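Residue numbers count from 1 along this sequence. Just so it is clear, the model here is predicted, and its values are computed rather than measured. Values below: all heavy atoms of this structure, side chains included; hydrogens, waters and symmetry mates excluded.
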Amino acid sequence: MTQVTNKVATATKEVQANVEPCCPKAKTTVIAIIDGVEKEVTLARTMYSMDALKKSQEKLLEEVDKSKLLDEIFHFAKPEIFTQAGIKLLDLNGEEIAEGTENILVPVETANTYWRFTFDEVLKNVQIHTFESVEEYAQVTGTSDLFSRSRNTVEKMGVAALATGDNTYKAVYELCRRTGMPGSTAMAYLGVQLKGSTTLEMTIGIKGKTPVASRSFDEAFALYHQICFTFTPADAKKRYPIRAINSVMHAGGYSLNTIVEALKTIPSDEVHRALLADCGSKESCIAGVLLKFILENQRKAVPLAA
């Protein structure tokens, strides 16, 4: 038994010796221009640093055209304030930086530079700050964050539409802007679903295969106005009326004209009951009332037998 165990151990060592490491470690140093001189700097992180990039984010960065990036200022803090506060300094692999390591700097992470500390080949515009304490460092970070604003979903769709000329994104964005509804509701009106990951790729000019809307912009806009009249303008911007309409259309195979005619015939008291009735959800209530009036309109359209 011992001989077998030894043979297995020996074979395992031989295999491991000939296998490349599965997970190569990240680069822990960067080149920064400090006082006009290129220096190799060790980037230090702490337990308070922003989260590391996800694999999907790293993959997206590989597609970026660096010539499209604007210049940024890279801010750093000296490491002494963290050492004095008893806060461990870690490299980009999460390993503690050994005492005596030279040229250590702690990034002041901002919205615009967070990814670029390791993305840019050379950090050109560098400012090194002498903070009195980690409290001041954190206050500067927090104050900078206060004035940092990323685009919301609708605004990202606008950039995606502008960067690629994609007609689906143009329609969703225009419907959002002309009505004030959120992106998810506009997609429901147009009968299309767009992924957030696709939107990000489109914003940097990568035009993939986007789905075609099942309704034209004019049809969606007209349907929005009818829902405003049948319900209220505020309700028309929410997702539950249009989702109820879509579910009834898909389940019954009804045309858009059939839906619109039913919406026109629903009395206001039925609307009120549909919105307030305790039948599980507003969406199911609206779907039930809508189906009721579709069927009534169909019965009225059939001539009575002689």
Side-chain angles (χ1 to χ4, degrees), residues 60 68 149-266 268 270-271 274-275 281-291 293-294 297-298:
L60 179 61
K68 301 293 194 303
R149 181 189 182 278
S150 61
R151 283 179 168 79
N152 60 35
T153 300
V154 173
E155 291 164 343
K156 287 177 182 176
M157 287 182 174
V159 175
L162 198 60
T164 62
D166 185 84
N167 289 327
T168 301
Y169 273 88
K170 284 182 179 179
V172 173
Y173 181 71
E174 184 177 352
L175 189 58
C176 290
R177 284 307 192 200
R178 291 182 65 173
T179 63
M181 67 176 63
S184 58
T185 305
M187 284 188 272
Y189 271 98
L190 289 158
V192 69
Q193 185 63 45
L194 301 173
K195 296 180 180 179
S197 58
T198 302
T199 301
L200 279 179
E201 291 178 352
M202 301 277 279
T203 61
I204 62 174
I206 301 175
K207 187 171 182 179
K209 187 176 181 181
T210 53
V212 178
S214 60
R215 295 190 189 104
S216 69
F217 176 84
D218 290 340
E219 289 173 335
F221 198 53
L223 182 56
Y224 163 75
H225 279 293
Q226 183 55 56
I227 294 176
C228 285
F229 290 132
T230 303
F231 301 98
T232 68
D235 289 319
K237 296 176 185 178
K238 298 175 182 177
R239 66 180 182 273
Y240 55 83
I242 185 60
R243 287 179 60 175
I245 288 169
N246 286 343
S247 65
V248 170
M249 283 187 69
H250 294 154
Y254 300 112
S255 68
L256 183 60
N257 286 338
T258 298
I259 295 294
V260 171
E261 288 304 313
L263 288 172
K264 289 179 179 178
T265 56
I266 297 176
S268 60
E270 292 285 356
V271 174
L275 292 176
S281 71
K282 291 181 179 180
E283 192 173 317
S284 60
C285 292
I286 292 173
V289 171
L290 179 61
L291 184 59
F293 280 90
I294 288 175
N297 287 346
Q298 288 178 335

message = Show every salt bridge (Lys or Arg N to Asp or Glu O under 4.0 Å) that has at least one partner inside residues 162-174, sequence neighbours left out.
response = E174-R178
message = Can you pull out every salt bridge (Lys or Arg N to Asp or Glu O under 4.0 Å) where at least one residue sits in residues 218-232? Sequence neighbours excluded, please.
response = none
Could I get the full list of salt bridge (charged side-chain N to carboxylate O under 4.0 Å, His left out) partners for [X], not counting sequence neighbours?
X	value
R151	none
E155	R149
K68	D65

Who are the side chain to side chain donor-acceptor pair (under 3.5 Å) partners of [X], not counting sequence neighbours?
X	answer
R215	N246
T258	S255
Q298	none
Y254	none

Measure the [atom1]-[atom2] distance between [X] and [Y] for me, rounded to the nearest 0.5 Å.
X	Y	atom1	atom2	answer
I227	T179	CD1	OG1	11.0 Å
I259	K264	CD1	NZ	13.0 Å
N167	S216	CG	OG	12.0 Å

Name every donor-acceptor pair, under 3.5 Å, that has one atom in a side chain of residues 199-207 and the other anywhere in the protein, sequence neighbours excluded.
unit_1 : atom_1 : unit_2 : atom_2 : d
T199   : OG1    : Y169   : OH     : 2.8
T199   : OG1    : K195   : O      : 3.1
T203   : OG1    : L200   : O      : 2.5

request  = Identify the two heavy atoms, one from N297 and one from A262, that lie closest to each other, and give their separation to 0.1 Å.
outcome  = ND2-CA, 3.6 Å
query = Do you know which two heavy atoms are closest between P211 and T168, and how far apart they sit?
reply = O-OG1, 2.9 Å
When you compare the side chain of [Y] with that of [X], does any pair of heavy atoms fall below 4.5 Å?
X	Y	answer
D235	Y240	yes
V154	V172	no
V260	N257	no

request  = Starting from the C-alpha separation in whole Å, work towards a yes-or-no answer on side-chain contact (heavy atoms from CB on, under 4.5 Å) for F231 and L263.
outcome  = CA-CA 9 Å; F231 301 98; L263 288 172; 4.1 Å; yes
For residues 181-193, tabulate all N or O donor-acceptor pairs below 3.5 Å that involve a side-chain atom, not counting sequence neighbours.
unit_1 : atom_1 : unit_2 : atom_2 : d
T185   : OG1    : K237   : O      : 3.3
Y189   : OH     : A236   : O      : 2.7

query = Between T198 and L194, is there a donor-acceptor pair closer than 3.5 Å when you use the side chain of the first and the backbone of the second?
reply = no
message = When you compare the side chains of T265 and E261, does any donor N or O come within less than 3.5 Å of an acceptor on the partner?
response = no
task = Return the set of residues passing ring-ring contact (aromatic ring centres under 6.0 Å, His included) with F221 (not counting sequence neighbours), or none when no residue passes.
result = F217, H225
